[in-house]
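All figures in this text were calculated on a predicted structure; none of them were measured in a lab.
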Amino acid sequence: MSGEFKQFFTLIVFGNIENLILAAQGVAASVNPVILGILSLTAVVCWILIGTLGTRAAIKYARHINFIGGLAIFILGIQAMLESLPGMIAFFH
């Protein structure tokens, strides 16, 4: 395997596991395998395009995106803790 692709090896493994799970769900739901295959390939191509073009467009804003993402996680964590306080207080009374 080429050196530049070694960093993506885990993505390939987990992507294949995800595809197996989706295929099993399709079989369990009695989905037409040809249609499921076509939809899967379409989704993969769309994600490749979104990932490639989106990364090129967003790379100059990487620091801002990281900050906003971290801030959102922080705010959602505070919100989750505040929403759980009434239940915790009631539990201890």
Side-chain angles (χ1 to χ4, degrees):
M1 185 180 291
S2 177
E4 62 189 20
F5 295 113
K6 283 185 181 179
Q7 61 185 339
F8 298 112
F9 183 71
T10 55
L11 290 175
I12 293 170
V13 169
F14 289 117
N16 284 331
I17 292 170
E18 182 182 356
N19 285 336
L20 289 172
I21 292 168
L22 290 173
Q25 289 175 336
V27 169
S30 300
V31 176
N32 183 339
V34 174
I35 293 174
L36 184 61
I38 291 169
L39 290 173
S40 295
L41 289 173
T42 303
V44 167
V45 169
C46 287
W47 278 117
I48 288 172
L49 291 174
I50 290 169
T52 303
L53 300 175
T55 300
R56 286 184 186 159
I59 198 74
K60 58 186 166 189
Y61 304 109
R63 294 181 66 187
H64 302 288
I65 292 169
N66 282 335
F67 174 77
I68 292 169
L71 181 62
I73 290 169
F74 179 76
I75 290 170
L76 290 172
I78 296 293
Q79 178 187 4
M81 287 189 283
L82 291 175
E83 289 177 356
S84 67
L85 279 177
M88 290 174 58
I89 292 170
F91 178 76
F92 288 110
H93 278 85

Visitor: Can you sort out the partners of Ile68 under side chain to side chain contact (heavy atoms under 4.5 Å, CB included), two or more places apart, ordered by chain and number?
Guide: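 Checked Ile68 against side chain to side chain contact (heavy atoms under 4.5 Å, CB included); zero matches.
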Visitor: Give the table of side-chain donor-acceptor pairs shorter than 3.5 Å for residues 75-91, with sequence neighbours excluded, one pair per line with atom names and distance.
Guide:
from	atom 1	to	atom 2	distance (Å)
Gln79	NE2	Glu83	OE2	3.1
Ser84	OG	Ala80	O	3.4
Ser84	OG	Met81	O	2.9

Visitor: Applying side chain to side chain donor-acceptor pair (under 3.5 Å) as the test, list every pair that has at least one member in residues 22-32; sequence neighbours left out.
Guide: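 Sorted result for residues 22-32: empty, none.
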Visitor: Apart from Val45 itself, what residues make up its hydrophobic cluster, given side-chain heavy atom links below 4.5 Å?
Guide: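 Noted: Val45 shares its cluster with Leu49.
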Visitor: Could I get the full list of side chain to side chain contact (heavy atoms under 4.5 Å, CB included) partners for Leu39, not counting sequence neighbours?
Guide: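 Expected list: Ile35.
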Visitor: Residues sharing Val34's hydrophobic cluster, by side-chain heavy-atom contacts under 4.5 Å among ILVMFWY, directly or via others?
Guide: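 Its cluster mates, by chain and number, are Ile38.
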Visitor: Suppose we screen for side chain to side chain contact (heavy atoms under 4.5 Å, CB included). Which residues come up paired with Phe67, at least two apart in sequence or across chains?
Guide: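 Side chain to side chain contact (heavy atoms under 4.5 Å, CB included) check on Phe67 returns Leu71.
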Visitor: Starting from Tyr61, walk the hydrophobic network (Ile, Leu, Val, Met, Phe, Trp, Tyr; side-chain heavy atoms closer than 4.5 Å) and list everyone else you reach, by chain and number.
Guide: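 Via sub-4.5 Å side-chain contacts, Tyr61 links to Ile65.
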